[in-house]
S.K.: 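This is the structure I want to talk about, given as structure tokens.
Below, each value reflects all heavy atoms present in this structure, side chains not excepted, and no hydrogens, waters or symmetry copies. A, B, ... follow the sequence lines: proteins, then strands. Residue 1 opens every chain. Quick caveat: nothing in here was measured; it's all calculated off a predicted structure.
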There are 2 protein chains.
Amino acid sequence: METDRLDSRKMAILNAIIRNYLETGEPVGSRTISKFTDLSLSSATIRNEMADLEELGYLVQPHTSAGRIPSDKGYRLYVDKMMEEKVEEVNNMKEVLDQKADRIENLLKKVAKLLAVNTNYASMITTPKYRSRKLKFIQLTNVDDEHLLAIIFLEGNIPKNKVIEADHRYEESVLLKLNIVLNSLLQDLDLEEINMNIIQKIKEQAGEDSALIGRVLDAIAEAIREEDNIEVYTSGATNILNYPELSGDDSARKLLYTLEDKQELAELVDDKLSSVDSEHKRTKGDIQVYIGNETPIDSMKNCSVVTATYEIEEGVYGKVGIIGPKRMDYDKVVGTLKTLMTQLDEIFRKK
Amino acid sequence: METDRLDSRKMAILNAIIRNYLETGEPVGSRTISKFTDLSLSSATIRNEMADLEELGYLVQPHTSAGRIPSDKGYRLYVDKMMEEKVEEVNNMKEVLDQKADRIENLLKKVAKLLAVNTNYASMITTPKYRSRKLKFIQLTNVDDEHLLAIIFLEGNIPKNKVIEADHRYEESVLLKLNIVLNSLLQDLDLEEINMNIIQKIKEQAGEDSALIGRVLDAIAEAIREEDNIEVYTSGATNILNYPELSGDDSARKLLYTLEDKQELAELVDDKLSSVDSEHKRTKGDIQVYIGNETPIDSMKNCSVVTATYEIEEGVYGKVGIIGPKRMDYDKVVGTLKTLMTQLDEIFRKK
DNA sequence: GTTAGCACTCAAGTAAATAGAGTGCTAACA
DNA sequence: TGTTAGCACTCTATTTACTTGAGTGCTAAC
């Protein structure tokens, strides 16, 4: 693969062609390059070089008498070797910083929107994923004669509420006892570690109130599962419609469809994006760029996807990505994501 | 307005035209009707009647030599007088019933999706709106040396958690005292009723811990405000792209845009849909039908919107709506919404 | 190795021709 | 007076042929 080394002139020409195409979206002709660059070569010479570049697979001709456009391989080379990252401001980032986003999901939604507005492409962001959730602390409280409230603290200081049906009102002293039993036996365990053995022990110690224990454990399981569920927020999906190369065929339609169904999208991103990552590490800094067919998600095969991984605390991370046409402004997108990453970092460290 | 009473034959013809147009989406010609109906009239006669109906404003001709299509006024008459509600099954409704939707927002999301899948149009549903939220019960608990947890129960048995920063660990006995003070003074008050007078009283009784009170009150305010915020969930927005009359011009694009920005959509639905309701009560049972320009939301002026109001408990209600092309299957949509309403009713009563 | 020049290709736009669905109107009929 | 047959007319949509222009590949000369 690496046999086809390009001499510096070919590189310069390819670079010029891609840059021009990214700007205009029109196939680029030899004359344009001849004038556009300071190589001072005639169009005929450029034509020869272009023919070579096409043979090498970096360029493609939509039809015989049109100019050239970059192939996926061409884009790849551009991203790997020619791109000049711009340092991009993320506009209005202060706003996000300012509003105290106590709920992380609100923060994530804001970030997605910001990215979409700044880039004019579509964006998505997942909730952070914990390796596994452990129970830190549980407390039962009376609500009324028929309901108890279980406050469940998971690793990462996430409090969850679960209302539990009760057949009668429990004495405060009984609840105190139950709370102690539950915490002493369950603390720092995750779902897999709570086995029948432990459950039996709890029931024994609970004595006559063991009927309640089943429901409490259900509540815990539910809380942990809920928090394990990755969610995805998207923004600017409709921006996709602005790019004729996508809205022409029904790529855009399929893409919108994928972006709309958050449930499915979450699975896709979790399964596919993560697994491909390790496989071919086409990485630029901490940023991954998937061009066209490199993307593991079918409905994005006519697009490019740029993703980054944010870390909210040691080992707890999520993905953020931008989806646009293959001729997206890679320089800008990568730059934007990079500054976003550092800014997010600041927010999370501060917390 | 009510001067132009239509004789029964005109009604029959108009009915036939609209039904045919709803099915095919193509302008309807006189010959079609002549054969399609059992009126046994020649096409020429139908033509005369059609000319009359056009003059009266019920039909419209896209261009001279095309058939007729219904005007908004025509649709209106159809919906008010001619529609035969079908009793529509809502497929897979059991699924929703089955899964215990402990969080209402999950239930609402499911419902939206169900509607979209069943009808092939776009759907939206708002979270229920309380007139005002009162505080039922608050409890402070220790988390660790630097944090307290405030569990805040609002009217409607909605528990909310707020983590509060603390400068030191509080004794259990102190917390107990604070809890009693807070509850005795704040119970059953809403935001407006918590005034400086009351706040002063609490601080007096809290004594040396009054510093904490400010933060607790902030937490309460936040919890109430959060719950007051109406949210909207949508589904099937991309279905809109299936209707050429919308995706032709950029109605669909604008509509998708509106449906994507939940924040803005929530405001629109809250402001506009509710206010128009009382104004011109174009109601069919409990269902409102907005045809074309009747819709108060700009980006939906080329569509029809059918909404219903669900009640989750006495005085607490939300809106659910379906957005489709003007030539939507009103019979089906209205039927679907009606059965949905009764089914939702069952769910909420049972709770 | 570079360049000028020329014949060739192909998409896109323009213009004219055709087909077909549907109308409005008139005149005749019951 | 209401209904119908018939015919000329209108307008869109589709097809076909023609033209334009950008861009190429190749050859021959520098």
S.K.: Just the rounded figure in Å: distance from P of C:dC10 to NE2 of A:His63.
M.R.: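 Atom-to-atom, A:His63 to C:dC10, this comes out as 9 Å.
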
S.K.: Please state how far atom CD1 in B:Ile46 lies from atom P in D:dT4, giving the value in whole angstrom units.
M.R.: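 The distance from CD1 of B:Ile46 to P of D:dT4 comes to 9 Å, rounded to the nearest Å.
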
S.K.: Expected output check: what is the dot-bracket annotation of DNA chain D, where ( ) and [ ] are pairs inside the strand (brackets for crossing ones), | is paired with another strand, and pairs are Watson-Crick or G-U under 3.5 Å?
M.R.: ||||||||||||||||||||||||||||||

S.K.: Take the protein atom CD1 of B:Ile69 and the nucleotide atom P of D:dT12, then report the distance between them rounded to whole Å.
M.R.: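 That distance rounds to 14 Å.
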
S.K.: Looking at B:Glu294 and B:Lys301, does any basic side-chain N land under 4.0 Å from a carboxylate oxygen?
M.R.: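 Salt bridge flag = no for B:Lys301 with B:Glu294.
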
S.K.: Should we say atom OH of A:Tyr243 is surrounded by more than 12 heavy atoms from elsewhere, each under 6.0 Å from it?
M.R.: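 For A:Tyr243, atom OH is crowded (more than 12 foreign heavy atoms under 6.0 Å).
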
S.K.: Given atom CG of A:Asn20 and atom C1' of D:dG23, what is their separation to the nearest angstrom?
M.R.: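 Taking atom C1' of D:dG23 as the reference, CG of A:Asn20 is at 14 Å.
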
S.K.: Sequence neighbours left out, what passes side-chain hydrogen bond (donor to acceptor under 3.5 Å, both in side chains) with B:Glu88? Give chain and number order.
M.R.: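 Testing B:Glu88 for side-chain hydrogen bond (donor to acceptor under 3.5 Å, both in side chains), a comparison that skips the adjacent residues, returns none.
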
S.K.: Counting only heavy atoms not in A:Tyr21, do more than 12 sit closer than 6.0 Å to its OH atom?
M.R.: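 Enclosed.
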
S.K.: Quick check on A:Asp7: does its CG atom have over 12 non-hydrogen neighbours (other residues, nucleotides or ligands) under 6.0 Å away?
M.R.: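 Yes, the 6.0 Å shell around CG holds more than 12 heavy atoms from other groups.
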
S.K.: Surrounding NZ of A:Lys326 (heavy atoms of other residues, nucleotides or ligands, distance under 6.0 Å), is the total greater than 12?
M.R.: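 Counting neighbours around NZ of A:Lys326, more than 12 heavy atoms of other residues, nucleotides or ligands fall under 6.0 Å, so yes.
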
S.K.: Just jot down the side-chain hydrogen bond (donor to acceptor under 3.5 Å, both in side chains) partners of A:Glu49, sequence neighbours excluded, or say none.
M.R.: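 For A:Glu49 the side-chain hydrogen bond (donor to acceptor under 3.5 Å, both in side chains) partners, ignoring immediate neighbours, are A:Arg9, A:Lys10.
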
S.K.: Starting at atom CD1 of A:Ile13, determine the distance to atom C1' of C:dG1, rounded to an integer number of angstrom.
M.R.: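 About 13 Å, once rounded to whole Å.
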
S.K.: Give the rounded distance in Å between these two atoms: CG of A:Leu59 and P of D:dG23.
M.R.: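 Those two atoms, CG and P, are 15 Å apart.
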
S.K.: Take atom CZ in B:Arg19; do more than 12 heavy atoms of anything else shown fall under 6.0 Å from it?
M.R.: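 Yes - once you tally the heavy atoms of other residues, nucleotides and ligands closer than 6.0 Å, there are more than 12.
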
S.K.: Reading nucleotides 19-30 of chain C 5' to 3', which nucleotides get B (base under 4.0 Å from a protein heavy atom), which S (sugar-phosphate only), which -?
M.R.: --BSBBB-----

S.K.: Using atom names, set out every protein N or O paired with an N or O of nucleotides 15-18 of chain D below 3.5 Å, distance rounded to 0.1 Å.
M.R.:
none

S.K.: Are more than 12 heavy atoms from other residues, nucleotides or ligands located less than 6.0 Å from atom NZ of A:Lys262?
M.R.: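 Atom NZ in A:Lys262 is crowded, with more than 12 foreign heavy atoms closer than 6.0 Å.
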
S.K.: Take atom OH of A:Tyr21 and atom P of D:dG23, then tell me their distance rounded to the nearest Å.
M.R.: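 Nearest whole value for this atom pair: 14 Å.
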
S.K.: For A:Glu245, give me all partners under side-chain hydrogen bond (donor to acceptor under 3.5 Å, both in side chains), at least two apart in sequence or on another chain.
M.R.: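 A:Glu245 satisfies side-chain hydrogen bond (donor to acceptor under 3.5 Å, both in side chains) with A:Arg327 once adjacent residues are dropped.
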
S.K.: Do A:Arg76 and A:Asp72 meet the salt-bridge criterion of a basic N to acidic O distance under 4.0 Å?
M.R.: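 Here A:Asp72 does not pair with A:Arg76 in a salt bridge, since their nearest N and O are not under 4.0 Å apart.
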
